[in-house]
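Single-structure report; data block below.
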Amino acid sequence: MPPPALRRRGSAGSFTNSSGCSKASILILCIFGAAVLLWLANQYGSPLSPLRARRQLSGLSRWPRHLLRNYGRQSQLHTESERFATLFHSELAQHFDFTKGPAVAPGLIDTLKSLEATGITTVIFSSPWDWFQPEERTSRLAHLDALANATCQSTMLKVAFILDLVRAPDWVFNKWPEARAMDSHERSYKLLSWFHSEANQLAVGTLKDVVTHLVNAHPGCITAVQPVYNNEYEARYTQENDCYQDYSKPAISEYQRWLSARVPRLEALNERWGTNFSSWEGVAPSALEAGSFMGPDLTPRYWDFITFRELYGAQVLNRACAAVQASGARCFHHVPEFFTVLDAVYGTTMLKHIAASPNTDFLIVSSNFQTSYGAAMSPTKIRLGLAAVAVYGKPVYFEAALEHSPSLESVEAAVHLALTAGVNGVGLSNWLGRVKPGPPLLAALQPQVPYCRTTEAVGVFVHLDSCAAFHGLQWKWDRKDPIDDVVQGLAEPLAASCGISVSVFLELATLQAALTSLDRVVFVEPLVLLGDAQLDLYTQVKEAVRAMPHSFLHLPFNQTRGIRTVVMPDLR
């Protein structure tokens, strides 16, 4: 492996526009690899049965990356994977006085060089809209240019940007006061509402202008951009503090239009919800607030709102990514912990729409090694999260968020599992001031992953929509997070074994498409099926699963008798 300073730009699996090889080449490699594997099995013996061999060959066209990663990929390939480190805007301001002027402090350049010496290949910077465009006709693009120049002229590192659009500048809210997001208690925030059309059109136009400038001003240096709509700089691609629920006037008006297009008669909506609204102007969703409701919410009024938020939010993010791609950069998203009862609050059920979208080029799965209620998280759960995202066929990276300062041993264990799962690379965030670049960190990010023969292909189904049945952590229950409990319990026997190839499916359709490539299925029963189409698909998939080795599990609810699957009536 060449020294970091001499590493080629644009290596396979990096954030660059070139993937390193064509899809046709990958397919040829998959077929050749499968043939070699079958020959070895015939020569030396193997746990592969003739039935399983036929399954793997029949699934080649659908799962080439899956097979390439899990059958015969050597540890040397893992050492060549992408490694990135993030420096957030707040860190640049606090540690390097970056906000005082466009000049880059020598300390930042020294830090970048130390990252490069540690094997980092890409640095990710973040910047909020209210900072890089404080006035309508004034921008701080020179500051962003300075970051790119300091990185790409002083090192061989590549640069990616996180551009935070939800932190809109004051002049936007002065122009459109109703563009502020508002929670269910009518508290407004200095955060951009996704539902104010004019303000969001301006946000996307600004995003496109900034990315176009960066790509043209720094050819070959700027590789990717993430458009962020949140009020935290790190991972989540939705808003927090109840702001994604957004009960602002534009949000409620948009929801009313969406509902009336599907249920034209107000009397029919009242019957569906058990309400008595006298006019469409008074129709509103129920208040969604973390921790205010114990147990799963199985009411149509709640699920109509969840569906609306999911579809609308994915549309916003995919439109922003389309602007990034049109500007010449790749677009990516960070993915938070989605196997949790906080799915409803954070809107993470939109993941399936974002991951499947052609506007998304790659995804970064983040973990801070801690559950939502403060308990330590086993790294095995991380592998299941990565496997769930990888099913959508995009390059997937793992990011260790170090705000809770986990030990380097914990980081190495998580990275080891991530590489075993076949990620394209690994990275760090919130590391500055907590861990120093150097040989110990490099060792944690580059553990040796020995060759491991796959003995069993297991598919795990966890219905992502059903994870949103809760309003947040179940503080009044012994089980604070039943979703986390179930997935963590699944991870221990499955993800800890390198001989088990684990694929995780969040949707019935993706599981159905992969059944012929699996030896066994672990099926967690959904709580909610959204409409007759999902019910029909559920019936088909369960019948197919019963015909093969399988196990059916149920989510725990701190009660003796479990809850059967509920089918929400279609919105017509």
Side-chain angles (χ1 to χ4, degrees), residues 12-31 33-34 55-73 77-78 81-82 223-224 226 237 314 317-318 321-322 324-325 329-335 338 348-366 382-399 418-426 454 457-464 501-518 521 537 541:
S14 71
F15 291 175
T16 58
N17 283 307
S18 173
S19 64
C21 56
S22 67
K23 293 182 178 179
S25 300
I26 293 176
L27 182 58
I28 291 171
L29 285 172
C30 291
I31 296 173
R55 283 178 177 171
Q56 302 300 354
L57 289 174
S58 70
L60 276 175
S61 62
R62 283 180 294 184
W63 302 99
R65 293 182 65 87
H66 170 73
L67 293 174
L68 178 64
R69 288 175 177 174
N70 288 290
Y71 293 99
R73 187 169 184 178
L77 291 178
H78 290 306
S81 62
E82 181 87 357
T223 63
Q226 178 188 4
Y237 47 71
L317 289 167
N318 289 335
C321 260
V324 169
Q325 291 177 332
R330 302 183 78 203
C331 191
F332 67 101
H333 292 290
H334 279 80
V335 178
F338 49 85
T348 49
T349 54
M350 71 176 70
L351 167 64
K352 53 188 182 289
H353 303 294
I354 299 168
S357 171
N359 300 126
T360 300
D361 292 296
F362 62 92
L363 297 130
I364 299 175
V365 178
S366 298
I382 296 171
R383 184 179 173 189
L384 293 193
L386 291 162
V389 177
V391 160
Y392 292 93
K394 305 292 176 62
V396 178
Y397 300 82
F398 169 64
E399 178 184 78
L419 294 175
T420 301
V423 296
N424 293 73
V426 297
T454 299
V458 178
V460 177
F461 173 69
V462 182
H463 191 226
L464 185 59
S501 170
V502 183
S503 299
V504 180
F505 304 93
L506 307 177
E507 300 175 80
L508 288 163
T510 55
L511 171 62
Q512 184 183 49
L515 284 175
T516 57
S517 67
L518 302 173
V521 173
L537 184 56
V541 171

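Closest non-hydrogen pair, Gln325 versus Pro358, comes out as NE2-O, 3.2 Å. Of all heavy-atom pairs between Ala329 and Ala224, the closest is CB-CA, 4.3 Å. Pairing each heavy atom of Val335 with each of Val389, the nearest pair is CG1-CG2, 4.4 Å. Residues Lys394 and Ala355 come closest through the heavy atom pair NZ-O, 2.9 Å. Smallest separation of non-hydrogen atoms from Ala509 and Leu537: N-CD2, 3.6 Å. Pairing each heavy atom of Arg383 with each of Ser501, the nearest pair is NH2-CA, 4.4 Å.
Side chains of Tyr392 and Leu506 form a contact here, defined as non-hydrogen atoms less than 4.5 Å apart. The side-chain heavy atoms of Asn424 and Tyr397, taken from C-beta on, include a pair separated by under 4.5 Å. In this structure, the side chains of Leu384 and Val502 come closer than 4.5 Å at one or more pairs of heavy atoms. Two residues are said to be in side-chain contact when any heavy atoms from C-beta on lie closer than 4.5 Å; Phe461 and Leu508 meet this criterion.
Distance check, rounded to the nearest 0.5 Å: CZ of Phe398 to CD1 of Ile382 gives 4.0 Å. Note that CD of Glu507 is 8.0 Å distant from CG of Leu464, once rounded to the nearest 0.5 Å. Distance CD1/Ile364 to NE2/His334: 4.0 Å, rounded to 0.5 Å. The SG atom of Cys321 lies 7.0 Å from the CG atom of Asp361; values are rounded to the nearest 0.5 Å. Rounding to the nearest 0.5 angstrom, the gap separating the CG atom in Leu515 from the OG1 atom in Thr510 is 9.5 Å. Distance check: Thr349 OG1 to His463 NE2 gives 10.0 Å after rounding to the nearest 0.5 Å.
In this view, Ala387 and Val504 satisfy the side-chain contact (heavy atoms from CB on, under 4.5 Å) rule, not counting sequence neighbours. With sequence neighbours left out, the side-chain contact (heavy atoms from CB on, under 4.5 Å) criterion links Asn318 to Ala314, Ile354, Ser357, Asn359, Thr360.
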Side chain to side chain contact (heavy atoms under 4.5 Å, CB included) evaluation trace for Phe505 with Leu518 | CA-CA 12 Å; Phe505 304 93; Leu518 302 173; 4.0 Å; yes

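Aromatic ring pairs are classed by plane angle as parallel below 30°, tilted from 30° to 60° and perpendicular above 60°; the pair Phe332 and Phe362 is parallel.
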